[in-house]
Amino acid sequence: MVASTVAPPVTARPQRPRSRSWLRLIVLLAIVAVVLYPLIWMIGTSVKSQEEIVNNIGLLPRQFTPGNYTDGWTNFDVSFGRFFLNSATVSLLTVVGNAVSCLLAAYAFARLKFRLRGMWFAVMIGTLLLPGHVLIVPQYILFRSLGLVGGDWPYLPLLIPQFLATEAFFVFLMVQFMRGIPRELDEAARIDGANAFGIFRHVILPLSRPALVTTAIFSFIWTWNDFFRQLVFLSSLSDYTVPVALTLFIDSTSQSAVGPMFAMSVLSLLPVFLFFVAFQRMLVEGINTSGLKG
């Protein structure tokens, strides 16, 4: 005779009040609306006429004026595409410089042993306390004395520091990431005959991909949006980047082309947006990952 088995009663999970879910959704939508309002307003203003920009503060234009984009693109003696090319050149080279130099510096601080390592690491962290504007004047004097300001290679003052691991934030980010990588992997590589460079090449570099992607994304965004340093070191119109070129739409004679300026501002957001979307998944991985687990 087969004994019958009785299934234990299934207890229903307590459901959250539906009103609380709706309240949370409303709060999130309100936050999104506040965050996106300036962007939507800028897009709407980019297709308004000059008179409507002054009289209409609403989001949508009464008269659609797409000519602002063509006017902004050809407003100067140099096409605005040249400014986009200049910004892309500086931003991409900065990404390469920061990724390579900061990775090497971080590997030295995190894995190698040398005299006064702790002191030099503390000095590097101390540079984070200095405002960037404080360093502009001595940097300008230095590069000016070397003949690098306004020369045949106008972007060298902007790029040379990036290839010398001057971005302490990215060095610190990679050092903290490498400290989470088990040192047993280094010991296993040494047993196989790898030296310091071999460990870096075959162990540290492949595992540091999330930190490298995070560095690349922030380097690109910060450099693309940088205005002050590029304004100081760039003097020729054909060498201007997008942030500097946008200021040319506003002059002291009150004949400002506000509509074309907003149109070009909208276009200037596209490279940053596309770059972020392309590497968003890797960025989240790089922020959340602090080492190997298991």
Side-chain angles (χ1 to χ4, degrees), residues 35-61 63-95 131-133 135-136 139-140 149-150 153-159 161-162 217-278:
V35 172
L36 294 182
Y37 177 82
L39 177 61
I40 298 175
W41 186 88
M42 182 177 66
I43 296 175
T45 306
S46 67
V47 291
K48 294 180 181 178
S49 62
Q50 185 73 17
E51 296 76 12
E52 189 176 355
I53 291 175
V54 180
N55 300 322
N56 180 16
I57 61 174
L59 294 177
L60 300 178
Q63 181 180 359
F64 187 69
T65 312
N68 289 333
Y69 286 87
T70 57
D71 294 342
W73 195 265
T74 60
N75 189 73
F76 310 107
D77 296 334
V78 180
S79 173
F80 211 87
R82 177 62 181 270
F83 305 138
F84 274 92
L85 180 61
N86 296 339
S87 287
T89 301
V90 175
S91 300
L92 293 177
L93 290 177
T94 298
V95 168
H133 300 78
L135 304 176
I136 286 293
Q139 285 182 355
Y140 183 84
V149 178
W153 301 89
Y155 303 123
L156 287 180
L158 300 173
L159 298 175
Q162 313 307 324
I217 293 176
F218 281 107
S219 295
F220 183 87
I221 294 176
W222 292 350
T223 305
W224 184 274
N225 295 327
D226 183 29
F227 168 75
F228 186 68
R229 295 182 69 251
Q230 297 172 4
L231 176 66
V232 170
F233 289 109
L234 301 178
S235 57
S236 176
L237 176 63
S238 60
D239 298 329
Y240 280 175
T241 56
V242 171
V244 181
L246 288 175
T247 62
L248 301 178
F249 288 102
I250 301 178
D251 54 26
S252 58
T253 61
S254 299
Q255 300 296 325
S256 303
V258 181
M261 180 188 67
F262 278 104
M264 294 301 100
S265 298
V266 172
L267 293 182
S268 68
L269 295 177
L270 294 179
V272 177
F273 177 76
L274 295 176
F275 194 87
F276 178 80
V277 170

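- Among residues two or more places apart in sequence or in another chain, the side-chain hydrogen bond (donor to acceptor under 3.5 Å, both in side chains) test is passed with Tyr37 by none.
- Note that the CD1 atom of Ile53 and the CZ atom of Phe262 stand 6.5 Å from one another [nearest 0.5 Å].
- Scanning both residues, Pro61 and Lys48, for their nearest heavy atoms gives CB-CG, 3.5 Å.
- By the ring-ring contact (aromatic ring centres under 6.0 Å, His included) test, Trp222 pairs with Phe169, Phe170, Phe218, sequence neighbours left out.
- Checked by atom type and distance alone, the side chain of Thr65 never pairs as donor or acceptor with a backbone atom of Gly67 at under 3.5 Å.
- Across Tyr155 and Val90, no two heavy atoms sit closer than the pair CD2-CG2, 3.6 Å.
- For Gln63 and Ser49, the side-chain atoms include no donor-acceptor pair closer than 3.5 Å.
- Every residue two or more places apart in sequence or in another chain that forms a ring-ring contact (aromatic ring centres under 6.0 Å, His included) with Phe76 is listed here: Phe249.
- Considering only residues two or more places apart in sequence or on other chains, Thr94 meets the side-chain hydrogen bond (donor to acceptor under 3.5 Å, both in side chains) condition with none of them.
- One finds the CG atom of Leu85 at 4.5 Å from the OG1 atom of Thr89 (value rounded to the nearest 0.5 Å).
- Arg229 is linked by a side-chain hydrogen bond (donor to acceptor under 3.5 Å, both in side chains) to nothing, counting only residues two or more places apart in sequence or in another chain.
- For the pair Ser91 (side chain) and Ala88 (backbone), a donor-acceptor distance under 3.5 Å is absent.
- Across all non-hydrogen atoms, the minimal contact from Val244 to Leu231 is CG2-N, 3.8 Å.
- Distance check, rounded to the nearest 0.5 Å: CG of Leu36 to CE of Met42 gives 11.5 Å.
- Partners of Tyr240 according to the ring-ring contact (aromatic ring centres under 6.0 Å, His included) rule, which considers only residues two or more places apart in sequence or in another chain, do not exist here.
- A distance of 9.0 Å separates CG in Leu248 from CG in Asn75, rounded to the nearest 0.5 Å.
- In this structure, CG on Leu158 lies 9.5 Å from CD on Gln139, to the nearest 0.5 angstrom.
- Among Tyr140, Phe228, Phe227, the single residue meeting the ring-ring contact (aromatic ring centres under 6.0 Å, His included) criterion with His133 is Phe228.
- Of all non-hydrogen atoms in Asp239 and Leu234, the two that sit nearest each other are O-CD1, 3.3 Å.
- Contact of the Phe233 side chain with the Pro154 side chain is not registered, since no non-hydrogen atoms from C-beta on lie closer than 4.5 Å.
- Applying the 6.0 Å contact sphere to CG of Asn55 captures more than 12 heavy atoms from other residues, nucleotides or ligands.
- The two atoms that bring Ser219 and Thr223 nearest to each other are O-OG1, 2.7 Å, heavy atoms only.
- Two residues are said to be in side-chain contact when any heavy atoms from C-beta on lie closer than 4.5 Å; Leu267 and Leu270 meet this criterion.
- Side-chain contact of Ser46 with Tyr69: a donor-acceptor pair under 3.5 Å is present, judged by distance alone.
- Leu246 places none of its side-chain heavy atoms less than 4.5 Å from the side chain of Phe83.
- For the pair Leu39 and Leu269, the tightest heavy-atom approach, listed with the atom from each and the gap, is CD1-CD1, 3.4 Å.
- The CG atom of Asn86 sits 7.5 Å away from the OG atom of Ser238 when rounded to the nearest 0.5 Å.
- Ring geometry for Trp73 versus Phe80: interplanar angle of 30 to 60°, hence tilted.
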